[in-house]
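Please read the structure below before turning to the comments.
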Amino acid sequence: MPPKKKGKGRGKKGKAKKRGEEDGLEEKYRRSALDVAVLKGHLDSLEGQVARQSQASGQELQARVGTLERELSKEREDKRDISADLTRQYKTMQTELGVRVHQLEGEVSRLRKQLGLCQDALQKERDSREQLELEKEAAIAELQGKIDDMETGYEKILHGCLDSLLTRLAESRRRWRDESTALHLQHKERLTDFGLNPLDI
């Protein structure tokens, strides 16, 4: 039986406690609802800010995308212009190069012809010079032969003249010697006739 009493006592206290707990829960609920309302307001405010920032960022990004698209379009247009200009320059240079190559080929052909003519003229000049040298050498050889013949003839004439001169000189010497001997003898005889000794004189 005592436990039953205890149970009864507990029941009264339990009800009071239960009511206090319900009051605390209601207070907590009210606080939580207030906190939720405050948080919800704050969240709404944050969502508005985020939405505004997002909208501003979106507009900024759209403006930036528009700027980039315009820049890209301008760059593409510049690229097309540059490509067209480079293509025009390339075609112009190719045309000029073709004309220059054609001119150089004509110049090379003309110079080759001139070179051929010069080589022909040079060969003719060489042949003419060789022919002239041969003729010169033949003329020199002929003249040298004539000179040798003339020298031989002159030597024969000179030797003949000298031999003749030597013969005449020998004859003259012999004659003068005979005459001088005769003259000496004559003078000796005259000196002897006068009584003079020819050896003393």
Side-chain angles (χ1 to χ4, degrees), residues 1-140:
M1 293 284 182
K4 285 184 180 178
K5 286 182 181 177
K6 266 187 181 178
K8 284 181 182 179
R10 273 187 185 177
K12 287 180 184 178
K13 285 183 182 178
K15 285 180 183 178
K17 190 174 181 182
K18 191 174 181 182
R19 193 176 291 160
E21 287 178 359
E22 286 176 358
D23 290 340
L25 286 173
E26 285 177 4
E27 183 66 24
K28 283 182 182 179
Y29 176 74
R30 279 196 300 272
R31 279 188 208 163
S32 295
L34 184 60
D35 289 341
V36 166
V38 170
L39 288 173
K40 189 175 180 183
H42 187 60
L43 184 61
D44 290 340
S45 174
L46 287 176
E47 283 179 353
Q49 288 179 2
V50 168
R52 284 191 300 275
Q53 287 178 357
S54 177
Q55 187 176 4
S57 296
Q59 290 175 352
E60 185 179 350
L61 286 175
Q62 284 179 353
R64 181 66 178 159
V65 166
T67 302
L68 290 175
E69 285 178 349
R70 285 192 298 275
E71 289 178 357
L72 181 61
S73 176
K74 187 175 181 307
E75 286 181 3
R76 284 178 179 167
E77 186 176 350
D78 292 342
K79 186 177 178 182
R80 281 194 301 272
D81 292 342
I82 291 170
S83 177
D85 187 54
L86 288 175
T87 303
R88 182 186 56 76
Q89 289 181 7
Y90 174 74
K91 288 181 179 178
T92 303
M93 288 174 65
Q94 193 174 20
T95 304
E96 291 175 354
L97 185 61
V99 171
R100 183 62 178 158
V101 166
H102 183 67
Q103 289 176 350
L104 290 175
E105 286 175 350
E107 185 72 14
V108 167
S109 177
R110 186 180 63 80
L111 290 175
R112 280 181 179 165
K113 287 179 182 177
Q114 285 185 357
L115 179 62
L117 293 174
C118 289
Q119 286 177 343
D120 292 340
L122 180 62
Q123 188 62 39
K124 288 179 181 178
E125 182 67 25
R126 283 179 181 168
D127 294 341
S128 176
R129 184 175 293 177
E130 288 177 1
Q131 184 66 30
L132 186 61
E133 288 290 332
L134 291 174
E135 291 175 359
K136 233 165 104 180
E137 288 175 2
I140 290 171

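Along the sequence shown, residues carry numbers from 1.
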Lys/Arg N to Asp/Glu carboxylate O, Lys124 vs Asp127, below 4.0 Å: no

4.5 Å side-chain heavy-atom contact, Thr92 and Gln89: no

Check: Leu122 and Arg126 side chains under 4.5 Å, non-hydrogen atoms: yes

All pairs passing side chain to side chain donor-acceptor pair (under 3.5 Å) where residues 62-72 contributes a residue, at least two apart: Thr67-Arg70

Gln103, CD: over 12 other non-hydrogen atoms inside 6.0 angstrom: yes

Residues, nucleotides or ligands: over 12 heavy atoms within 6.0 Å of Arg112 CZ: no

Side chain to side chain donor-acceptor pair (under 3.5 Å) partners of residues 40-56, not counting sequence neighbours, each pair once: none

Gap between atom CD of Glu130 and atom CG of Leu132 - 0.5 Å precision: 11.0 Å

Carboxylate-amine/guanidinium contact Arg129 Glu133, below 4.0 Å: no

Side chain to side chain contact (heavy atoms under 4.5 Å, CB included) partner of Ser83, the single match among Asp81, Thr87, Leu86: Thr87

OH-CG distance between Tyr29 and Leu34, expressed to the nearest 0.5 angstrom: 12.0 Å

N-O pairing of Glu107 and Arg110 below 4.0 Å: yes

